[in-house]
> 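I am attaching a structure below and will ask some questions about it afterwards.
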2 protein chains.
Amino acid sequence: MTLSDVAGHAGVSVATASKALNGRAEVAPSTRERVLRAAAELSFQPNALAAGLISGRTRTVGLLTDELGGRFAMSILLGAENALGNGQMSVLLCDARGDAIRRQHYIRTLLARQVDGFIVVGDSNEVSPSLTQQIPVPVVYAYAESTDPRDLSIVADDEGGARLAAEHLVSHGRRRIGHITGPDSYRAARDRAAGLRTVLAEAGLSPAGDPLFGEWSQRWGRHAARLLLAARPDVDAIFCGNDQVAAGVADTLRDLGRRIPDDVAIVGYDNWEFFAEDCRPPLTTVDLNLEQLGATAVQHLIAALDGNAGVGVIRQQGRLVVRESTGPALPRR
Amino acid sequence: MTLSDVAGHAGVSVATASKALNGRAEVAPSTRERVLRAAAELSFQPNALAAGLISGRTRTVGLLTDELGGRFAMSILLGAENALGNGQMSVLLCDARGDAIRRQHYIRTLLARQVDGFIVVGDSNEVSPSLTQQIPVPVVYAYAESTDPRDLSIVADDEGGARLAAEHLVSHGRRRIGHITGPDSYRAARDRAAGLRTVLAEAGLSPAGDPLFGEWSQRWGRHAARLLLAARPDVDAIFCGNDQVAAGVADTLRDLGRRIPDDVAIVGYDNWEFFAEDCRPPLTTVDLNLEQLGATAVQHLIAALDGNAGVGVIRQQGRLVVRESTGPALPRR
DNA sequence: GTGTCCCACGAAAACGGTTTCGGCAAGATG
DNA sequence: CATCTTGCCGAAACCGTTTTCGTGGGACAC
């Protein structure tokens with residue numbers, strides 16, 4: 001099932017067969033047709049390896065992740081895989097599991113396989129060490145920001161997403177807005193808090209208490225909601241750092257007899273549909289657009305392969321998904 | 001950075017360099033050392049493509065999935081990727097998204113890339129059409145059962161997992177056990193119901209009502225729990241078809257003032273930790289061992305590559321994870 | 001009829017490795 | 001000293017494809 005078989009079957013040389021199959025101009029239409037027919041009859045599979053070996057492009061990229069099992073890598077991978085497939089490229093997947101030795105090993109492996117480029121997927125939108133010096137092919141960082149500003153990083157715009165959420169609450173007449181979120185060791189938590197703060201300042205509102213930093217769990221949401229309600233019983237909206245926290249907050253509000261959204265509106269973050277849609281009531285939340293982020297990373301990688309490498313940090317915008325937990329706008333009082 | 005560079009630098013022929021780097025016997029230790037040193041100095045990366053091209057093994061397998069975004073594919077992928085990495089192999093990832101045309105396209109692509117074998121990952125442990133005729137290399141089906149009994153399929157043992165759960169409840173003194181689960185169009189739902197039925201029959205118990213088939217959601221769990229409690233107020237345990245349903249059931253029980261596990265014990269299924277651990281109380285549940293399933297698939301694929309192809313259906317056992325929702329054994333009455 | 005041009009095609013080189021095979025030298029054996 | 005064995009090494013073939021370049025012939029103009 002090699003090219004010479006096809007050539008023999010079609011009565012031409014391998015050179016001609018190669019040109020015919022690759023759509024090059026210097027071959028007569030009748031001959032081309034004969035070759036194509038022969039290839040079809042023999043169900044010939046061109047050997048992409050040899051092709052890549054010669055032309056230098058394997059049409060393969062390595063995707064290096066730290067925590068594939070996490071919540072976010074999956075969606076990015078999905079978007080990237082799709083975008084690559086559309087560009088007739090394939091993805092070699094490697095999960096370093098946060099282990100530097102594994103990462104080194106995988107970088108070597110992927111380079112040995114002659115990948116055309118790398119996508120390094122982070123797990124928390126944080127700053128992460130640049131690997132570019134060790135890698136002689138283009139690299140794009142996704143959901144992570146490389147320490148080296150000469151690298152290209154695509155990150156989620158947490159601050160912008162938080163502004164979407166906050167503006168939604170403010171425009172719906174909420175005035176006393178609390179914030180319950182994850183650990184302040186996470187940049188995502190800090191950025192989201194900052195986005196909220198900015199919007200409140202612009203609207204001339206003061207936040208209902210300091211942001212409550214804790215952990216990214218339903219349990220913390222339940223606990224923190226009690227704290228917040230005790231300190232600020234008049235709170236009329238809670239912006240939560242993610243959907244799990246929001247689900248916990250909703251639990252507590254229900255337990256304490258507050259109606260959602262009538263008394264208190266809730267906004268989550270991440271649009272993790274299992275939580276957001278199944279929450280009581282379904283959560284208004286911010287979608288990170290991670291699939292799009294993966295696709296964007298691929299686009300820029302392909303551009304880099306063509307010699308148009310980008311530089312700096314690109315922020316992928318989020319998208320507000322409105323469900324019932326914020327309800328209609330309150331009447332002006 | 002090619003082999004001839006290394007050879008030149010070491011003052012030997014490419015042939016000798018090749019043998020030295022590949023650890024073949026017919027090269028003097030001193031020469032080998034010289035070559036290795038040269039390779040290190042030039043930081044030579046052997047070109048795995050050319051190697052594969054010649055020896056016929058690319059040490060790459062294609063992983064074809066239908067629904068990568070789903071709950072289950074991820075874990076299987078994780079286990080498979082890890083097992084392949086340990087065997088110095090890499091995985092090319094393709095997500096057909098349930099589209100037959102995409103699937104065909106990806107099969108062609110993967111074959112063109114000369115993968116050594118395929119792992120076809122299903123999304124629901126169901127029977128799924130055999131692709132083996134179109135694929136001239138070994139294929140293993142994971143979390144799906146091929147229609148062709150001559151293929152090798154690795155599936156989750158849903159009936160066995162349900163037995164684990166049911167035996168746990170029975171041995172803890174529960175006697176009136178209800179079942180709320182997903183659509184009966186899912187084999188997983190039917191198998192799990194069957195496992196429960198078997199155990200109850202063996203223990204001489206009759207089920208608390210017919211299994212309630214619905215959907216795999218928290219919402220359905222909440223609704224069905226009301227139905228079940230209305231029909232069988234004396235129920236003392238509910239085995240749920242998955243953890244989302246269980247979380248919904250727990251919601252309703254709490255709303256109706258039943259204590260978990262004192263009045264009613266709950267067992268879930270899937271060990272989806274976000275739900276199971278964050279539930280009130282944390283859920284006893286059955287872990288599908290999907291990572292192990294992925295690893296098992298890889299093992300069998302590697303065996304098939306060595307000419308020891310297996311046949312038939314292998315059931316991957318589940319594992320009971322005991323948390324608080326089933327509590328200690330009830331005192332005998 | 002002759003000269004020119006262009007087009008289709010094929011021979012051959014290249015790519016980066018592995019593998020086969022032959023040769024050479026050193027040591028063992030008679 | 002002659003012969004045989006053994007161990008190392010390199011020349012060359014090979015893999016399947018692309019690409020370059022040369023060639024032959026047909027078409028067209030004059």
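A, B, ... follow the sequence lines: proteins, then strands. Residue 1 opens every chain.
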> Please tell me if S18(A) has a side-chain N or O lying less than 4.0 Å from either OP1 or OP2 of dT17(D).
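Answer is no, no contact under 4.0 Å.
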
> Quick check on side-chain contact (heavy atoms from CB on, under 4.5 Å): which of D157(A), I154(A), L293(A) does I314(A) satisfy it with?
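Looking at D157(A), I154(A), L293(A), the match for I314(A) under the side-chain contact (heavy atoms from CB on, under 4.5 Å) is I154(A).
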
> Just the rounded figure in Å: distance from P of dG16(C) to CD of Q45(B).
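It works out to 14 Å between those atoms.
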
> Should the heavy atoms of other residues, nucleotides or ligands under 6.0 Å from OH of Y186(A) be counted, would the total exceed 12?
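No, because the 6.0 Å sphere around OH of Y186(A) holds 12 heavy atoms or fewer from other groups.
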
> Checking contacts here: which listed nucleotide (dC9(D), dC15(C), dT17(D)) is nearest the side-chain heavy atoms of I54(A)?
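For the I54(A) side chain, the nearest candidate turns out to be dC15(C).
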
> Give the rounded distance in Å between these two atoms: CZ of R34(B) and P of dC9(D).
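It is 7 Å, rounded to the nearest whole Å.
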
> If each of E26(A) and A17(A) is mapped to the nucleotide of DNA chain D with the nearest heavy atom, which maps nearer the 5' terminus, i.e. the 5' end?
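Looking at the nearest nucleotide for each, A17(A) comes out on the 5' side.
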
> Taking OP1 and OP2 of dT18(D), is either one under 4.0 Å from a side-chain nitrogen or oxygen of N22(A)?
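Answer is yes, contact under 4.0 Å.
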
> Of the candidate nucleotides dG10(C), dG10(D), dG17(C), which contains the atom at the shortest distance from the side chain of K19(B)?
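Output: dG10(D).
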
> Provide, to the nearest angstrom, the distance between the CG atom belonging to L53(B) and the P atom belonging to dT18(D).
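To the nearest whole Å, that distance equals 12 Å.
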
> Does a side-chain N or O of S13(A) approach OP1 or OP2 of dA11(C) to a distance below 4.0 Å, or not?
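No, outside the criterion.
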
> Mapping S55(A) and A50(B) onto DNA chain D by nearest heavy atom, which one lands closer to the 5' end?
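Taking each residue's closest nucleotide, the earlier one in sequence belongs to A50(B).
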
> Parallel, tilted or perpendicular: which one describes the rings of Y143(B) and F72(B), with boundaries at 30° and 60°?
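Ring orientation of Y143(B) relative to F72(B): tilted.
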
> Using distance alone, with no hydrogens and no angle criterion, decide if R97(A) and T65(A) have a side-chain donor and acceptor under 3.5 Å apart.
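The answer is no; no qualifying pair exists.
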
> In whole Å, what is the span from the CD atom of Q114(A) to the P atom of dC15(C)?
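Value for this atom pair: 14 Å.
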
> Under 4.0 Å from OP1 or OP2 of dG10(C): is there any side-chain N or O of T16(A) that close?
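Looking at the OP1 and OP2 atoms of dG10(C), one of them is under 4.0 Å from a side-chain N or O of T16(A).
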
> Without decimals, in angstroms, what is the distance between L49(A) CG and dT17(D) C1'?
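Computing the L49(A):CG to dT17(D):C1' distance gives 11 Å.
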
> Closest to the A15(B) side chain: dA11(D), dT17(D), dC15(D)?
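When the side chain of A15(B) is considered, dA11(D) is the closest of dA11(D), dT17(D), dC15(D).
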
> Atom CG of L21(B) to atom C1' of dG17(C): distance rounded to whole Å?
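Nearest whole value for this atom pair: 11 Å.
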
> Return the CG to CE distance between L68(A) and M74(B), rounded to the nearest 0.5 Å.
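Spacing of CG (L68(A)) from CE (M74(B)) equals 3.0 Å.
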
> Looking only at side-chain N and O atoms, does R24(A) come under 4.0 Å of OP1 or OP2 in dA8(C)?
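The answer is no; no side-chain N or O of R24(A) sits under 4.0 Å from OP1 or OP2.
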
> Nearest of dT17(D), dA8(C), dG16(C) to any side-chain atom of A28(A)?
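Out of dT17(D), dA8(C), dG16(C), the nucleotide with an atom closest to A28(A)'s side chain is dA8(C).
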
> What's the CG-C1' distance between L3(A) and dA11(C), to the nearest Å?
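Whole-Å distance recorded here is 15 Å.
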
> Take atom CZ of F44(A) and atom P of dG16(D), then tell me their distance rounded to the nearest Å.
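Rounded to whole Å, this separation is 10 Å.
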
